[in-house]
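Order of the sequence lines fixes the chain letters, A, B, ..., with proteins taken first and strands second; residue numbering starts at 1 for each chain. The model shown is predicted, which means the values in this text are computed figures rather than measured ones.
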Amino acid sequence: MFNDFAAIDLARFQFAFTVSAHIIFPAFTIGLASFLAVLNALWLWRRDEVYLRLFDYWKTIFAVTFGMGVVSGIVMSYQFGTNWSVFSDRAGPVIGPLMGYEVLSAFFLEAGFLGIMLFGRQRVGERLHMAATAIVAVGTLFSAFWILSANSWMQTPAGYGINELGQFVPEDWWAIIFNPSFPYRLVHMVLAAYLTTAFVVGAVGAWHLLRTPESRGAAIMFSMAMWMALIVTPIQIFAGDAHGLNTLAHQPAKIAAIEGHYESYPEGRVPLILFGLPDDDAGEMRYAVEIPLLGSLILTHDLDTPMQGLDAFPEDERPPSALIFWTFRIMVAVGFAMLGLGLWAAFARWRGRLDTSPWLHRAAVLMGPTGFLAVLCGWITTEVGRQPYTVYGLLRTTDSVAPLQAEAVATSLIAFIVVYFFVFGFGTLYVLRLMSKRPKDRVDIEEIGPTRSSGITPVAASPSAPHATAKE
Amino acid sequence: MVFDLSFIWAGLIAFGVLAYVLLDGFDLGIGILFPFLKDRQERHLAMNTIAPVWDGNETWLVLGGGGLFAVFPLAYAIVMPALYPLIIAMLLGLVFRGVAFEFVHRTARMQGFWEIGFWGGSLVATLAQGMALGALVQGITIEGRAYAGGNWDWFTPFSVLTAVALLVGYALLGATWLILKTEGETLQRAQRFARPLALAFLVAIAAVSLATPFLHPQYLERWFGWPSGLYSAIVPVLLALAVWQLWSGLFHGHPMRPFLATVGIFVISFAGLGVSFYPNLVPPGLTIVEAAAPDASLKFLLVGAVVLIPVILAYTAFSYWVFRGKVKHSDGYH
Ligand code: HDD
Ligand code: HEM
Ligand code: HEM
């Protein structure tokens, strides 16, 4: 049933599946860690209990999500060896140390202070607890820094040599870390994580405002989220545009595939294909809906610069357009929808109706998960657009794979799919359940004694009783 | 011998792996002992003793894997495919173990399921690690720069033996950790577990130690040859000392000593493995020097490691200090 050709496809699918599952969690925890640090700071500064309640509310959600992020991440750090061993041998000397720095400077930091952040408020005091919370947030950003540097290097390799064994050898670490696409990718991804979080927080706030309009906690969440939507989305669109220009300079074939241009435009005047059905086999775009000249304006910011289409590249160096044409458009559509919601909320705020606009709230609930959608679509665009290479232009995907039998990969792939859907499915359910609980506005006095410190409830009092927080 | 960066790195990776084995060892040990605890309340108490630290402990595994990728990419590229099913099983086991900390408190109906997941995940991860160790000691078939053995090479009587040894060892670490962190009835139960476990662990170590030298002529020479056998003889002596500490600690009801003594036994056994391995990183044929990344990679990461590992150790110690002392039923970490 499986032949040699299948082993690599299975390995690719397994990598794509496990990393897509993983990125869902960082996309949320990176933003949430910063949000928690802000909430805690507001509590310390204003001494308004509503912030402490909000902190505790999101802290539990953070803990569940973070746990899933950790276990799915550990899988990733071993996948390079299990499925892409030739890639590991060749690119390890460059990529490995970057990921090594991620472990040393980010993962330990996050893990080392997570316990204090979650359980330590009473034990270490407010100040140290605040420090721990901030450190966890910084840790997630360090993590993004290093892993995106590694990934960007695979997209736009720089600062390397190649030795007699065919290994990439580092020559200039500065050039490697700050490779040409890295700054764009880092900014775009961190903003994506913040936006994803903002829209989840906004959706939860809106949901509770719809049901209990008087809830202060919900109103605060919603308001904070809509500020983020208003301010960060335009920056993100701008960053995305800059990212695209950078890609055009370094990976023109990717842009041609994203835009669905199978043919080159030697005279410029490129149209923007809004929609269509890319047909990679025939090498043409079917049913294209085009806007003349706009493609040139967006991509080269003038009308006459020539543009390469996929026909400018040998057939075995072309990324597939069929998928990324669409994933890219979904991402961009989400970006503009986010902008729309931000503007709508700003208008409602200006009219003094932010908390009393049910249609706005319904729209915000609907937009809640779209950050994840955009993140996944963005990554698929980036990674599939890099094909057929793992290290762009230098190491082909077909030459990167481990010497595994298809049966072994197929078995593990099925195991991953079953386990991930099951475990992370329930995890998502639990997160949703936590979100459906109403945020409290005040601290119950008996809950902040020395034994029942805030957010800490005792273990089941008797063997048969379910856990306190499990009742709802 | 030339002063070589790759040896420093071999030492650092070994340190990372050892730290992982010790720290996550007692976490996994708690998971292994889970079904033998009295009731749900006691099980959750046991889980609470590790809830604030397990994530940090597991991160040493990431350092082991990620570090290998960074500084010995060839070893990483050979070992991972060779142990493929074991690595996947370990990762999936760790998934269940890791999410259980949160999930058991998020549901009433499926609480029992995630408790079983915590136990089963710990068990599977431990057995996979033990077998991986055995398979590595046995040796891995290499051709050119890639693994050249079959899908099932890792599955042998010897790797089953090392899996059982690690299972018993982790359980002992878990039991002695409970002695350190709990009181009353739970403490007594942990003490009752510790004694037979200690015996079983010694038997297992003895069996592995006797079998190892006969796997490869090189091991035999290292342990019984002259004069290297002289150095190797120190290992069993130290081991006897640690065992004696463990027994007397258990006998006198000392809170800390059994745990430390078990740690000692692990450290010494680990050193014993080092004696067998050196100068190979992946026996029988891949040496530390051959597997190392170019010096530029080793140097770059070493700078970070020298600065950051002490810092990591410091704040890890701080975190343990914050959560020091006996854990009571009343202060569950959730
Ligand atoms: C932009 C951010 C980002 C991206 C692209 C990735 N990760 Fe990740 N990862 C994180 C951001 C992150 C994080 C925010 O640091 C996490 C997420 C949730 C968490 O627990 O920490 C994390 C956790 C996490 C862990 C567990 C850390 C621990 O023990 O605490 C590992 C081993 C990895 N990741 C490894 C990877 C690998 C090998 C990736 C690439 C294939 C990868 N991550 C992509
Ligand atoms: C976290 C967000 C990420 C997502 C959602 C993602 C998604 C994907 C997808 C869909 C593929 C399959 C492409 C194909 O085969 O057509 C892939 C491949 C791959 N990606 Fe990523 N990726 C992410 C991050 C990374 C990072 C940070 C790295 C490296 C540091 C990386 C390294 C790789 C490698 C080695 C492959 C396999 C070879 C290949 O098929 O190109 N990815 N990824
Ligand atoms: C609407 C304007 C947007 C534009 C013009 C845009 C542009 C781009 C481009 C060109 C890429 C591919 C980079 C490459 O060549 O590899 C990309 C990737 C990506 N996008 Fe967007 N984007 C937009 C909105 C968003 C939004 C709203 C999100 C998420 C909330 C998002 C998340 C991502 C992610 C996660 C990636 C992959 C990582 C990376 O390469 O940075 N994007 N984007």
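- With a 4.5 angstrom heavy-atom cutoff, B:Tyr320 does not touch chain A via any of its atoms.
- Using a 4.5 Å cut-off between heavy atoms, A:Val419 contacts chain B through its side chain alone, with no backbone atom that close.
- With a 4.5 Å cut-off on non-hydrogen atoms, B:Leu63 touches chain A through its backbone and its side chain both.
- Between chain A and the options B:Pro294, B:Gly66, B:Ala305, B:Ala293, heavy-atom pairs under 4.5 Å are most frequent for B:Pro294.
- In this structure, chain B has a heavy atom under 4.5 Å from the side chain of A:Leu128, while its backbone stays farther away.
- Atom OH of A:Tyr420 and atom CG of B:Leu92 lie 7.0 Å apart (nearest 0.5 Å).
- Summarising the geometry, atom CD1 belonging to B:Ile88 is positioned 10.0 Å from atom CG belonging to A:Leu413; distances are rounded to the nearest 0.5 Å.
- Both the backbone and the side chain of B:Pro81 have a heavy atom closer than 4.5 Å to some heavy atom of chain A.
- Dense packing is recorded around CZ of B:Phe113, with more than 12 heavy atoms of other residues, nucleotides or ligands lying under 6.0 Å away.
- Taken from CG in B:Leu308 to CZ in A:Phe108, the straight-line distance is 10.0 Å, to the nearest 0.5 Å.
- B:Ala291 does not touch chain A: none of its heavy atoms, backbone or side chain, sits under 4.5 Å away.
- Counting heavy-atom pairs closer than 4.5 Å to chain B, the top-ranked of the candidates A:Val124, A:Ile116, A:Asn163, A:Val423 is A:Val423.
- Of the atoms belonging to A:Glu171, not a single heavy atom falls under 4.5 Å from chain B.
- Heavy-atom minimum distance, B:Val322 versus A:Arg123: O-NH1, 2.9 Å.
- By number of non-hydrogen pairs under 4.5 angstrom with chain B, the leading residue of A:Leu114, A:Val431, A:Val409 is A:Val409.
- Heavy atoms from other residues, nucleotides or ligands lying under 6.0 Å from CH2 of B:Trp114 number more than 12.
- Remark: the backbone N or O of B:Met80 is not paired with any side-chain donor or acceptor of A:Tyr78 at under 3.5 angstrom.
- Note on A:Val169, A:Val86, A:Leu109, A:Leu98: by heavy-atom pairs under 4.5 Å with chain B, the leading option is A:Leu109.
- Taking all atoms of both residues into account, the shortest heavy-atom contact from B:Arg106 to A:Arg433 is O-NH1, 3.2 Å.
- Looking only at heavy-atom pairs under 4.5 Å with chain A, the residue among B:Val53, B:Ile309, B:Thr316, B:Leu61 that has the most is B:Leu61.
- With chain A as the partner, the residue from B:Tyr76, B:Phe300, B:Tyr315, B:Phe69 showing the most heavy-atom pairs under 4.5 Å is B:Phe300.
- To the nearest 0.5 Å, atoms OG1 (A:Thr65) and CD (B:Glu102) are separated by 9.0 Å.
- Here CG of A:Asp89 is found 13.5 Å from CZ of B:Phe72. Values are rounded to the nearest 0.5 Å.
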Checking side chain to side chain contact (heavy atoms under 4.5 Å, CB included) for the pair B:Met110/A:Leu429: CA distance, chi angles, key distance, verdict?
CA-CA 12 Å; B:Met110 282 191 53; A:Leu429 182 75; over 6 Å; no
Would you sort out whether A:Leu104 and B:Leu301 count as a side chain to side chain contact (heavy atoms under 4.5 Å, CB included), showing the intermediate values?
CA-CA 10 Å; A:Leu104 291 171; B:Leu301 194 57; 4.2 Å; yes
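- Taking both residues in full, the closest heavy atoms of A:Pro97 and B:Ala70 are given as N-CB, 3.5 Å, listed atom of the first, atom of the second, then distance.
- In this structure, the portion of B:Ile87 lying under 4.5 Å from any heavy atom of chain A is its side chain and not its backbone.
- Here CG of B:Leu74 is found 7.0 Å from CD of A:Gln167. Values are rounded to the nearest 0.5 Å.
- Here the two rings, on B:Phe103 and A:Phe426, have centers that are 6.0 Å apart or farther.
- The candidate with the highest count of non-hydrogen atom pairs below 4.5 Å against chain B, out of A:Ser412, A:Gly112, A:Gly100, is A:Ser412.
- Looking only at distances, a side-chain donor or acceptor of A:Tyr101 sits under 3.5 Å from a matching main-chain atom of B:Gly304.
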